[in-house]
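The structure appears right after this line, and notes come after that.
Scope of the values below: all heavy atoms of this structure, side chains included, with no hydrogens, waters or symmetry mates.
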Amino acid sequence: MEIKVDTGTVRIETNRLVLRGFREDDLADFYDYAKVEGVGECAGWSHHKSIEESRRILSMFIEGRNVFAIVDKKSGKVIGSVGIKDPDEVTVSRFPDVNIKEIGFVLAKDFWGKGLMTEAVKAVICYCFDELNLDAVSAGHFVGNDRSRRVIEKCGFEFFADTVFHSESLNADYPTKDYIVWNKRKNIK
């Protein structure tokens, strides 16, 4: 069953954050965090080398309508993103009859270690279960990325597979840990 994600029509508020679709006027904020070495590399993409690169990717986010901008309520600044996409082949083959999407996330380095990404991911999981009526959500992290591992664990995900992620952007393979969280209201697990 095709499940349509449309972040352009959704606004989610948490205690400290607003999650919404990206807009063209987010370019400066997006470039500010995407250009920092080490931020994108944790998610499998090279940090942005120019504002034009960020503009091109921002256009894809806006057009694709499957990536939430994470906005810090205090400053009004976009500080990261959470994307929702179809899961990889390993996940699909392991859970063939499950309505599932995969999430990926990135956060500006200045905001690491404050619990903000856990807050954002929990909100997106609720959206996936309450609005998209998914059976489960998957997520993964590169081996050694303990910050992402902690977010995933705090959000209730359970480990299910060791895999390898190939990054086109970085032209490298990364050992990855994959996780799943089940929609408990559906009692599928």
Is [X] salt-bridged to [Y], cutoff N-O under 4.0 Å?
X      : Y      : answer
Glu24  : Arg55  : no
Lys177 : Asp162 : yes
Asp135 : Lys101 : no
Arg56  : Glu52  : no

Distance-only, no hydrogens or angles: does the [X] side chain make a donor-acceptor pair with backbone N or O of [Y] under 3.5 Å?
X      : Y      : result
Thr91  : Pro87  : no
Glu119 : Leu116 : no
Asn183 : Leu134 : yes
Ser167 : Gly44  : yes

State, to 0.1 Å, how close [X] and [Y] come at their nearest heavy-atom pair, and which atoms those are.
X      : Y      : answer
Ala161 : Phe159 : O-CE1, 3.2 Å
Val82  : Val124 : CG1-CG2, 3.8 Å
Glu41  : His47  : OE2-ND1, 2.5 Å
Lys109 : Glu37  : NZ-O, 3.4 Å
Trp112 : Gly38  : CH2-O, 4.1 Å
Leu19  : Ala120 : CD2-O, 4.0 Å

Test of understanding: clusters of I, L, V, M, F, W, Y form through side-chain heavy atoms closer than 4.5 Å, transitively. Do [X] and [Y] belong to the same one?
X      : Y      : result
Val10  : Ile84  : yes
Phe165 : Ile180 : no
Leu170 : Met60  : no
Ile3   : Val92  : no
Val39  : Ile51  : yes

Does the side chain of [X] reach to within under 4.5 Å of the side chain of [Y], using non-hydrogen atoms?
X      : Y      : answer
Thr176 : Val143 : no
Asp88  : Asp178 : yes
Thr14  : Lys122 : no
Ile100 : Arg94  : no
Tyr31  : Asp26  : no
Arg20  : Val71  : yes
Arg16  : Lys73  : no
Val181 : Cys155 : no

Decide yes or no on side chain to side chain contact (heavy atoms under 4.5 Å, CB included) for Glu131 and Asp6, but give the supporting numbers first. CA-CA 11 Å; Glu131 302 301 321; Asp6 186 353; over 6 Å; no
Nearest 0.5 Å, please: how far is [atom2] in [Y] from [atom1] in [X]?
X      : Y      : atom1 : atom2 : answer
Lys114 : Ile79  : NZ    : CD1   : 8.5 Å
Ser138 : Ile103 : OG    : CD1   : 8.0 Å
Arg150 : Lys154 : CZ    : NZ    : 6.5 Å

Would you say the ring centroid of [X] lies under 6.0 angstrom from that of [Y]?
X      : Y      : value
Tyr174 : His166 : no
Trp182 : Phe157 : no
Phe61  : Phe30  : yes
Tyr33  : Phe111 : no

Please check if the number of heavy atoms outside Asp146 that lie under 6.0 Å from its CG is greater than 12.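 Correct, the count exceeds 12.
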Atom NZ of residue position Lys49 - does it have more than 12 heavy atoms of other residues, nucleotides or ligands inside 6.0 Å?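 Above 12, so yes.
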Going through the distances and angles, do His141 and Ile152 end up as a side chain to side chain contact (heavy atoms under 4.5 Å, CB included)? CA-CA 8 Å; His141 68 83; Ile152 289 168; 4.0 Å; yes
Check each of Ile57, Val78, Leu58 against Leu27 using the side-chain contact (heavy atoms from CB on, under 4.5 Å) test, and report the only one that passes.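 Of Ile57, Val78, Leu58, side-chain contact (heavy atoms from CB on, under 4.5 Å) with Leu27 is met by Leu58 alone.
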Given Asn145, Leu107, Val121, the one that forms side-chain contact (heavy atoms from CB on, under 4.5 Å) with Val151: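 Option passing the side-chain contact (heavy atoms from CB on, under 4.5 Å) with Val151: Val121.
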If you apply the rule ring pair (Phe, Tyr, Trp, His ring centres under 6.0 Å), what do you find for Tyr179 with Phe160, and how did you get there? CA-CA 5 Å; Tyr179 298 77; Phe160 74 84; 7.9 Å; no
Taking the inter-plane angle between the rings of Tyr127 and Phe68 on a 0 to 90° scale, is it parallel (under 30°), tilted (30 to 60°) or perpendicular (over 60°)?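 Perpendicular, since the angle between the ring planes exceeds 60°.
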Is there a side chain to side chain contact (heavy atoms under 4.5 Å, CB included) between Cys42 and Arg147 once you walk through the steps? CA-CA 9 Å; Cys42 288; Arg147 285 182 301 278; 3.8 Å; yes
Candidate list Asp72, Asp32, Asp110, test salt bridge (charged side-chain N to carboxylate O under 4.0 Å, His left out), partner Lys77, passing option: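 The residue from Asp72, Asp32, Asp110 that satisfies salt bridge (charged side-chain N to carboxylate O under 4.0 Å, His left out) with Lys77 turns out to be Asp32.
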Could you go through the salt bridge (Lys or Arg N to Asp or Glu O under 4.0 Å) check for Arg11 and Glu13 one step at a time? CA-CA 7 Å; Arg11 178 183 171 90; Glu13 285 199 44; 3.3 Å; yes
